[in-house]
Amino acid sequence: MSEDKKLQENITEAENPKGETVSQTEASEIENDSVASGNNSNDVDTEDTLTDQPASENNEVVESADTSSSDEPDDNADNQDDVLGEIDENNAEDAEDTDNQHRHTIPILDYHSMSMENLVGELQRLVRNEKVQAIKKHVDGIKSEFDLKFQDFIEQKKEDFVASGGNEVDFRYNSVTKRQFNEVYSDYREKRNQYYKNLEKDLKSNLNKRLEIIEELKGLVSVEEDMNSTYKTFKDLQEQWRNAGPIPRANYNDVWRTYQHHVEIFYDFLHLNRELRDLDFKHNLGEKEKLVQQAEALATEPDLNKVFRELQILHKIWKEDVGPVGQEHREEIWERFSNATKVLHQRRQDYYKQLDSEYEKNWEKKQEIISEIRQVAGNTANNHRGLQQQIKKVEALREQFFTAGKVPRNKNEKTWSEFKETVRSFNRNKNSYYKNLKKEQQDNLQKKRELLNLAESLKDSDDWDSTTPQMKRIQSDWKKIGHVPRKYSDKIWKEFKNACNHYFDRLHALKNKDFKEEEDNLKKKEACLDKLKEFKLSGNNSKDIDALKKFIAEWKTYGRVPFRKKNIDQKFNKILDGIFRKLNISRQDAELLKYGNKVQELAETDNVNAIQNERSFIRKKIEEIKGDIRQLENNLQFFSDSSEDNPIVQDVVKRVNGHKESLATWKGKLKKLNIMENSLNREAESNDDDEDIDTEEN
């Protein structure tokens, strides 16, 4: 089977390897959009990177092709295959669609340092403004970074959900950012698939045209006609080839090798007309010298990406548009072009060595950041304030990590894994603290609810004396209880404050009323006191005592006075005691006289409980005084009879006598109280007898 037949079959198989067309296969490949989980954002961009060794042109030829007329020697073919292989691959990709070359001018940003929101915005900008076939690498980089960041984000949300008491199987999270990303990415895929669908027909048609041109080119060597006419036909076929349009990238190199092979065969055939061949060799040499000069000039171009793009174009022109040169010039011209390629390649290699050094420094910086986060994670604060400060610190370190730049590819995955693990370690410790804090807050909430219920039950109480200190204690206990969950905090505090305010507002209103009454009582007592100060004895003791009883009775009718003026009662009693002394009335009699008014008040109220309470109070005082007397008299037994002049003994004796006088007074009060009570009882019995008589008469 001929080589041409083999090529035709190979191309047909490439067109339809499994019953599909070439563009359908391409579309099928790009439909597989799953991106491996891993941080690839730091990978070096190798799309335009020259490999280590330059290669000769025409690195791939048909196996049986006659290379006798090839421009390039084979000595350096092996060590240059990689370089030219990369250039050929890029040229094949660009040959499918000239707009695809635009991908070189679209900057690939540092997607690793961008937030999810910014990644969505950049993807949207690319899809709206750029050729869909030119942004595949950009979109893949964005999707890879977005998937990593979203995975990390969603895992953190899940940890927070579980830490707050949720069940992992119940976890759901609706991300607006994720939904926006999916919408833009879906738009990209739709545009891309439509592009390849439209491209399919044209690529297949152009492929058929080129195959027809090759067939016509093959037939030129067997045509029996004037050589000048044959040469003109050859030039027409070359022009048709240049204008035949793009073909599938999978067929590009095979088709070109076949075309080049038959061009060389034609030139070998053309030796029959050396003049025409020499003219073509001369023209081709001039064109290749221009290409060499342009390649050599690129050595001073500072933009290395531009250098490689220009070099790629020069190799494409050298390969596709310029034919062979004379044998005597082939090695020299190729050596110059190859050396220029090596110089540019070495510049790029040096550049990437420098990048590797920078990436190594970035890796060291990221290791320091990871170490700092690990230190924070190992010393997590045990209070809210301290933990909030640590959260801010970790967030700042995370930002530093994302902006620290790329790291060597062989360290990228491990660095990213270490970073995620240290951050998650801190988050787990943080969540553990807040989980325990939540339980504590729930306990605090229960305690505050109990105080709230107690405050609600007391807020309408009228038992001011017992309720007021209890309400104050409740408020004090409330302050000692810690935080409660935020969603309950405001509500329960408002309810508690309202209950307390309700009670104390009532109490203050009552106090304001009592204060006014106390001020009125003060004015009345001051007037009574002024009259008592002006009282003059008449010389008639009985009459004067009756007058003093009226003063005492009037004084008793006035209630309490403001606390700050309570000493007005002492002033009143002091003046009374002075008048009683002028009347030669003993202190005990004076006390009983004043007490008589109180007895009279009890008699008028006829309150059994009040009388009983008064009797209990007097008996208690009597027992206390008796106890004091017994204790003092026991103490005197420790002193001898000759100790009567001892000041201590004298003081004890004086105190005993004072207690005895006080005891007599209290007994006198008890006697008055008993007399009054007996009088009330007899009066009550008399009234009962009168009622019985009336009943019998009726």
Side-chain angles (χ1 to χ4, degrees), residues 1-29 55-72 74 77-78 80-98 100-101 133 196 199-221 234 237-238 240-268 312-313 315-324:
M1 181 182 292
S2 68
E3 290 298 328
D4 296 339
K5 185 65 175 176
K6 289 180 180 179
L7 176 63
Q8 181 64 46
E9 290 178 353
N10 289 338
I11 293 174
T12 303
E13 183 178 356
E15 277 186 355
N16 195 10
K18 294 183 180 179
E20 300 172 328
T21 62
V22 173
S23 56
Q24 287 174 332
T25 304
E26 182 71 14
S28 176
E29 290 176 356
S56 66
E57 77 171 308
N58 302 342
N59 58 308
E60 294 181 284
V61 295
V62 177
E63 184 177 351
S64 63
D66 181 5
T67 60
S68 61
S69 62
S70 174
D71 285 347
E72 298 80 24
D74 295 334
D78 292 339
Q80 292 184 357
D81 280 350
D82 291 340
V83 177
L84 289 184
E86 182 182 354
I87 293 177
D88 283 344
E89 183 180 349
N90 282 318
N91 282 332
E93 185 176 354
D94 292 344
E96 188 175 71
D97 185 351
T98 55
N100 189 55
Q101 297 180 23
Q133 67 271 30
Y196 282 111
L199 186 64
E200 175 187 351
K201 183 178 180 181
D202 293 337
L203 293 177
K204 184 176 181 180
S205 175
N206 295 338
L207 176 61
N208 291 331
K209 289 180 184 178
R210 289 185 182 272
L211 294 177
E212 290 172 0
I213 292 172
I214 291 174
E215 289 298 318
E216 291 186 48
L217 184 61
K218 288 164 57 178
L220 289 179
V221 297
F234 170 71
L237 290 175
Q238 280 189 315
Q240 291 178 38
W241 181 269
R242 294 188 186 99
N243 299 322
I247 63 175
R249 72 181 69 173
N251 306 123
Y252 172 77
N253 285 312
D254 286 341
V255 172
W256 179 86
R257 285 199 311 270
T258 304
Y259 170 75
Q260 189 70 22
H261 170 64
H262 290 288
V263 167
E264 291 173 354
I265 291 176
F266 177 79
Y267 274 108
D268 289 339
Q312 177 183 329
I313 294 172
H315 273 267
K316 182 177 181 180
I317 296 172
W318 182 289
K319 180 177 182 178
E320 296 184 15
D321 298 341
V322 183

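Computed over heavy atoms, backbone and side chain alike; hydrogens, waters and symmetry mates excluded.
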Open item on the list: What verdict does the side chain to side chain contact (heavy atoms under 4.5 Å, CB included) test give for Glu216 and Leu220, after you've listed the backbone C-alpha separation in whole Å, the side-chain angles of each residue and the deciding distance to 0.1 Å?
Closed with: CA-CA 7 Å; Glu216 291 186 48; Leu220 289 179; over 6 Å; no
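Contact record, Thr258 with Asp254: OG1-O, 2.9 Å, taken as the closest heavy-atom pair. For the pair Ala244 and Ile213, the tightest heavy-atom approach, listed with the atom from each and the gap, is CB-CD1, 4.4 Å. Between Trp241 and Ile214, the shortest heavy-atom distance links the atoms CZ3-CG1, 3.8 Å. Val263 and Phe234 get closest at one heavy-atom pair: CG1-CZ, 4.0 Å.
Atoms CG and NZ, on Asn251 and Lys204 in that order, are 11.5 Å from each other to the nearest 0.5 Å. In this structure, the separation between CD on Gln240 and CG on Leu217 is 11.0 Å, given to the nearest 0.5 Å. Rounded to the nearest 0.5 Å, atoms CG (Asn253) and CD (Gln260) are 12.0 Å apart. The NE2 atom of His262 sits 7.5 Å away from atom CD of Glu215, with the distance rounded to the nearest 0.5 Å. Atoms CG and CG, on Leu211 and Leu207 in that order, are 4.5 Å from each other to the nearest 0.5 Å.
Looking at Arg210, its side chain does come within 3.5 Å of a backbone N or O of Gly245 through a donor-acceptor pair. Put simply, the side chain of Asn206 never gets that close to the backbone of Ile247: no donor and acceptor are under 3.5 Å apart.
Under the 4.0 Å criterion applied to side-chain N and carboxylate O atoms, Lys209 and Glu212 are not assigned as salt-bridge partners.
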